[in-house]
Amino acid sequence: MIKAEEIRKSMRITHSLLDEEIQSNIDAALRDLRRVGVNVDQDDALINKACELYVKSQFDYQKKGDQYKKNYEALRDAMSMSGAYREESG
């Protein structure tokens with residue numbers, strides 16, 4: 001699973017002062033993915049990318065927060081419809 005440090009580096013942030021907020025946003029992204037039926041218990045590049053897009057949208061990274069949000073939602077929705085990412089319902 002992606003860590004705050006990895007997203008921080010992708011955002012060109014060199015200090016760790018925002019790690020707690022970044023981690024909180026990662027957790028929110030994972031909850032949102034789970035809400036739409038995505039199995040987030042796997043370490044997967046697309047799940048990590050979805051978390052990164054979500055965090056960047058929340059931070060309005062490079063003043064493109066709306067675009068990152070749209071990209072996150074498109075990826076989330078595609079994953080929710082893919083059998084490879086669907087969470088098995090008991």
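Since this is a predicted model, take the numbers as computed values, not measurements. Position 1 is the first residue of the sequence; numbering continues from there.
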Identified side chain to side chain contact (heavy atoms under 4.5 Å, CB included) partner of Gln42 from the options Val38, Asn39, Val40: Asn39

Min side-chain heavy-atom separation Tyr85-Leu33 under 4.5 Å: no

Side chains of residues 20-27: which donor-acceptor partners sit under 3.5 Å, not counting sequence neighbours?
residue	atom	partner	partner atom	Å
Gln23	NE2	Asp27	OD1	3.0
Asn25	ND2	Glu21	O	2.9

For Asp19 against Ala4, the heavy-atom pair lying closest together: O-CB, 3.7 Å

Cluster link Ile47 to Met81, ILVMFWY, side chain under 4.5 Å: no

Asp66, CG atom: more than 12 neighbouring heavy atoms under 6.0 Å: no

Arg86 side-chain N/O to Ala84 backbone N/O, donor-acceptor pair under 3.5 Å: no

Contacts of Lys70 that satisfy salt bridge (Lys or Arg N to Asp or Glu O under 4.0 Å) - sequence neighbours left out: none

Stepwise side-chain contact (heavy atoms from CB on, under 4.5 Å) check, Arg8 with Leu18: CA-CA 8 Å; Arg8 177 171 33 94; Leu18 297 173; 5.8 Å; no

Side-chain heavy atoms of Lys69 within contact of Leu53, under 4.5 Å: no

ring-ring contact (aromatic ring centres under 6.0 Å, His included): pairs with one or both residues in residues 4-51, sequence neighbours excluded: none

Results of salt bridge (Lys or Arg N to Asp or Glu O under 4.0 Å) for Glu5 - residues two or more places apart only: Lys9

ring-ring contact (aromatic ring centres under 6.0 Å, His included) contacts in which one or both residues fall within residues 21-41, not counting sequence neighbours: none

Arg35: side-chain contact (heavy atoms from CB on, under 4.5 Å) partners, not counting sequence neighbours: Asp32, Arg76

For Asp44, all residues meeting salt bridge (Lys or Arg N to Asp or Glu O under 4.0 Å), sequence neighbours excluded: none

Distance (rounded to the nearest 0.5 Å) between Ile7 CD1 and Cys51 SG: 6.0 Å

Residues that Asp77 engages under salt bridge (Lys or Arg N to Asp or Glu O under 4.0 Å), provided they are two or more places apart: none

Set of residues satisfying side chain to side chain donor-acceptor pair (under 3.5 Å) with respect to Arg34, sequence neighbours excluded: Asp41

Contact list for residues 37-56, test ring-ring contact (aromatic ring centres under 6.0 Å, His included), sequence neighbours left out: Tyr54-Tyr72

side-chain hydrogen bond (donor to acceptor under 3.5 Å, both in side chains) partners of residues 56-65, not counting sequence neighbours, each pair once: Glu52-Lys56

